[in-house]
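Here is how names work: the chains are called A, B, and so on, in the same order as the sequence lines, proteins then strands, and each is numbered from 1.
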2 protein chains.
Amino acid sequence: MMSTAQRKSPRGSAPTLPTAERHAEAFEHIRSAHQTETAEDYVEMIADLIDAHGEARLVDIAGRFGVSHPTAKKIIDRLQREGLVTSRPYRSIFLTDKGRSLAEYCKRRHQVVLAFLKALGVSDRNAEIDAEGIEHHVSKETLEAFAAFVTRESGSGQS
Amino acid sequence: MMSTAQRKSPRGSAPTLPTAERHAEAFEHIRSAHQTETAEDYVEMIADLIDAHGEARLVDIAGRFGVSHPTAKKIIDRLQREGLVTSRPYRSIFLTDKGRSLAEYCKRRHQVVLAFLKALGVSDRNAEIDAEGIEHHVSKETLEAFAAFVTRESGSGQS
DNA sequence: TGTCAAGTGTAGCAACGGCTACATTCATTG
DNA sequence: CAATGAATGTAGCCGTTGCTACACTTGACA
Ligand SMILES: [Mn+2]
Ligand SMILES: [Mn+2]
Ligand SMILES: [Mn+2]
Ligand SMILES: [Mn+2]
C-alpha cells in the first residue's frame, strides 16, 4: 500500500508512474512462462519419442534437446516431482495422465504457431526455430488470432 | 563424429534420427535467446527511463520489472561486466554506446512485434504482455514478415 | 555364460535470477 | 548542521539448468 501512491522521492528519482505496474505485470508473465516452458518442451518431446519409437529413453531425450544426460536427468526428476512423468531406475520414461494432457495441449499450440509463421511466409527452417520459442509466450487470445489467420489464409489462399 | 551416424543401439533405444539434430538446433537458439533476453529488456528499460526522466535509478528499474533491488543490482553488475552499462556507487546508471545501440535495436523490434499483434486484432493488454516475451524469439526473417504485415494492413486497412 | 560398451545414476561445480535481512550512504529538510 | 528515511550496497540463501568426471547396471553377443 505504497506502490501505487506517488512516492515523494526525497532523492532525484522520478515519481513511480502507473507505468511501472503495467510493465511489471508483463514481466511477471514472462518469468512464469520461463518456469513452465522447460516442462512443456520436455513432455511434448517425450510424447513425440513414445509416438516415434514406442518409448522415451533418457539418452534420446538429451540428444533431442542437445544437452548432457545429467541435465536431462535432473529435469526429468523435477517433472516426476511435479507429477508429469514416471520413471524407474534404468527404465524408460512415461507420461502420467496429467503429463500426457499437457503434452497434447502443447503439441496443438506448437502446431498452430508453426502453421501461422509458415502462412505468414516465413521459411520452414526459421519457422521451426521461432515457433519453439514463441509458443510459450502466446496468450489464449493471440493463439486464437493465429489460428484464425491460418484458416483465413489457407481458405482463400493460393492453389 | 558419431552423432549423425546411426547408433547400433545395443539396448532398446531407437536409432538417433537426423530429427534429433534438427530439434537440438532450435533448442540451442532458445537457450541462447534466454541468455540475452534479460540484458535486452534491461537496456531497453534503462533507455526508456533516461528518456522519461533524465536518469535511470536502481529503484526505478527494479520497480518496473517488479523485482527486488538486489536482483536488479546483480543484473546491472553483469551488464557492466559485459560493457553495456556504466554505474558508480550510489549514482544512476548509464548506457555505453554498445548498450545504447542494443537498446535502440530492441526498442524497434519490440514496437514491430507489438504493432503486429495489434494489427492481428489482439487486445492492447494481451498484445503488450505477449510482445514482451515473443520479441526475443523472432528471427530477422520473421521480424520482417511482421513488419510487412503491419504495413500491408495499415495501408489497406480500416479508418 | 561372461564381457563390455551403452545407458543410466550421482557428485560436485558454475552462472543466473529470484529472495530476505542487514549495513551503509546520501540528500532533504527541520 | 544534524537527523532521518530513501536509496543503494552486501551477504547469504534458494531453485533451475548447464557442465564434467566417475560409478554402476544392463543387455547383446561373442
Ligand atoms: Mn518450445
Ligand atoms: Mn514445442
Ligand atoms: Mn522482453
Ligand atoms: Mn521489450
Using 0.5 Å steps for rounding, measure from the CD atom of B/Glu132 to the CZ atom of A/Phe27. 3.5 Å
OP1, OP2 of C/dC19 versus side-chain N and O of B/Thr71: anything below 4.0 Å? yes
Flag if over 12 foreign heavy atoms under 6.0 Å of CZ, B/Arg22: yes
Rounded to whole Å, please give me the gap between CG in A/Asp77 and C1' in C/dA11. 14 Å
Output the rounded distance in Å from NE2 (B/His136) to P (C/dG17). 12 Å
Assign the ring pair B/Phe116 / A/Phe116 to parallel, tilted or perpendicular, where the plane angle (0 to 90°) is split at 30° and 60°. tilted
In terms of side-chain heavy atoms of B/Arg78, which of C/dG17, C/dA27, D/dG18 is nearest? C/dG17
When rounded to whole Å, the CG to P distance for the pair A/Asp41 and D/dG18 reads 10 Å
Counting only non-hydrogen atoms, which of residues 22-34 of chain B are less than 4.0 Å from DNA chain D? B/Arg31
Choose from D/dC19, D/dG9, D/dG18 the nucleotide whose nearest atom is closest to any side-chain atom of B/Pro89. D/dG9
Just the rounded figure in Å: distance from P of D/dT17 to CE of A/Met45. 15 Å
Nearest-nucleotide pick for B/Arg81, side chain only, options being C/dC16, D/dT17, D/dT20: C/dC16
Enumerate all atom pairs, one protein N or O and one N or O from nucleotides 12-14 of chain C, separated by less than 3.5 Å.
from   : atom 1 : to      : atom 2 : distance (Å)
C/dG12 : O6     : A/Lys74 : NZ     : 3.4

Send over the distance from A/Leu58 CG to C/dT10 C1', rounded to a whole Å. 13 Å
Quick check on C/dG9: is either OP1 or OP2 less than 4.0 Å from any side-chain nitrogen or oxygen of A/Arg88? no
Phosphate oxygens OP1/OP2 of C/dG17: is one of them under 4.0 Å from a side-chain N or O of B/Thr38? yes
note: A/Ile75, atom CD1; C/dT8, atom P; distance rounded to Å ~ 15 Å
Under 4.0 Å: is that the gap between some side-chain N or O of B/Ser68 and OP1 or OP2 of C/dG18? no
From the candidates C/dG18, D/dG9, C/dG9, the one with an atom nearest any side-chain atom of B/Lys73 is D/dG9
What is the distance, to the nearest angstrom, from the CG atom on A/Leu79 to the C1' atom on D/dT17? 12 Å
Let me confirm one number: the CZ-CG distance from B/Phe146 to B/Leu120, rounded to the nearest 0.5 Å. 8.0 Å
B/Arg57, nearest nucleotide to its side chain (from C/dG17, D/dT20, D/dA7): D/dA7
Is the B/His34-B/His137 ring centre distance short of 6.0 angstrom? yes
From A/Glu82 atom CD to A/Thr96 atom OG1, the distance as rounded to the nearest 0.5 Å: 10.5 Å
Per salt bridge (Lys or Arg N to Asp or Glu O under 4.0 Å), B/Lys107 is matched among B/Asp48, B/Asp41, B/Asp51 by B/Asp48
Atom CD of A/Glu25: over 12 foreign heavy atoms under 6.0 Å: yes
Say you draw a straight line from CG of B/Leu58 to CG of B/Leu49; how long is it, rounded to the nearest 0.5 Å? 11.0 Å
Could you run down the sub-3.5 Å N/O contacts of the protein with nucleotides 22-24 of chain C?
from   : atom 1 : to      : atom 2 : distance (Å)
C/dT24 : O2     : B/Tyr90 : OH     : 3.3

Once you round to the nearest 0.5 Å, how far does CD of B/Glu128 lie from OG of B/Ser123? 9.0 Å
State whether A/Glu40 and A/Arg109 are salt-bridged, where the test is any N-O pair (Lys NZ or Arg NE/NH1/NH2 against Asp/Glu carboxylate O) under 4.0 Å. yes
Rounded to whole angstrom units, what separation is found between the CD atom of B/Gln35 and the C1' atom of D/dT16? 13 Å
Shortest non-hydrogen contact between A/Glu135 and A/Glu44, atoms and distance: OE1-OE1, 4.0 Å
